[in-house]
Amino acid sequence: MALLITQRCINCDMCEPECPNQAISLGDAIYKIDSDRCTECVGHYDVPTCLSVCPIDNTIIPDPQHPESREALWEKFVELHH
């Protein structure tokens, strides 16, 4: 499923440049993730890079409004990059 940045975000700017799908951008108050572009880094890395670089625990979580299987994430990756 796509990921979601919660209100715990401190706008540290760590996640946005690390996203290989350009799914992260600055929203009105905090960073946000475009669920149409988020593949949880499937096709690029073993784990989502935004989670790896975020300094605040539990700031980036699975988005319950956008459940997707690993296969669906792979298909999204293929559409975005091929």
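Judged purely by atom type and a 3.5 angstrom limit, Thr49 uses its side chain to pair as donor or acceptor with the backbone of Glu18. Distance alone, capped at 3.5 Å, places no donor-acceptor pair between the Arg8 side chain and the Ile56 backbone. A distance-only check finds a donor-acceptor pair linking the side chain of Thr6 to the backbone of Thr59 [under 3.5 Å].
In terms of the ring-ring contact (aromatic ring centres under 6.0 Å, His included) criterion, residue partners of Phe77 (sequence neighbours excluded) are, by chain and number, His44, Trp74, His81, His82. Applying the salt bridge (charged side-chain N to carboxylate O under 4.0 Å, His left out) rule to Glu16 yields no partners; only residues at least two apart in sequence or on another chain are considered. The side-chain contact (heavy atoms from CB on, under 4.5 Å) check on Cys19 picks up Asn21, Ala23, Ile24, with sequence neighbours excluded.
A pairwise comparison of heavy atoms in Asn11 and Ile30 identifies OD1-CA, 3.2 Å as the closest pair. Contact record, Ile5 with Cys15: CD1-SG, 4.2 Å, taken as the closest heavy-atom pair. Annotation for Cys12 and Pro55: closest pair SG-CD, 3.7 Å, computed over non-hydrogen atoms.
Of the listed residues (Arg70, Glu68, Glu75, Lys76), just one forms a side-chain contact (heavy atoms from CB on, under 4.5 Å) with Val42, and that residue is Arg70. With Ile60 as the fixed residue, the side-chain contact (heavy atoms from CB on, under 4.5 Å) test singles out one of Cys9, Ser52, Pro48, Cys50: Cys50.
Taking hydrophobic clusters as Ile, Leu, Val, Met, Phe, Trp and Tyr residues chained together by side-chain heavy-atom distances below 4.5 Å, Leu26 shares a cluster with Leu3. The cluster map of Ile, Leu, Val, Met, Phe, Trp and Tyr, joined by side-chain heavy atoms under 4.5 Å apart, puts Met14 and Ile10 in different clusters.
Side-chain contact check for Tyr31 versus Ser25: every heavy-atom pair is 4.5 Å or farther apart. Inter-residue side-chain proximity for Val47 and Cys41 is flagged as unmet; no heavy-atom pair is nearer than 4.5 Å.
The distance from the CD1 atom of Ile33 to the SG atom of Cys38 is 5.5 Å, given to the nearest 0.5 Å.
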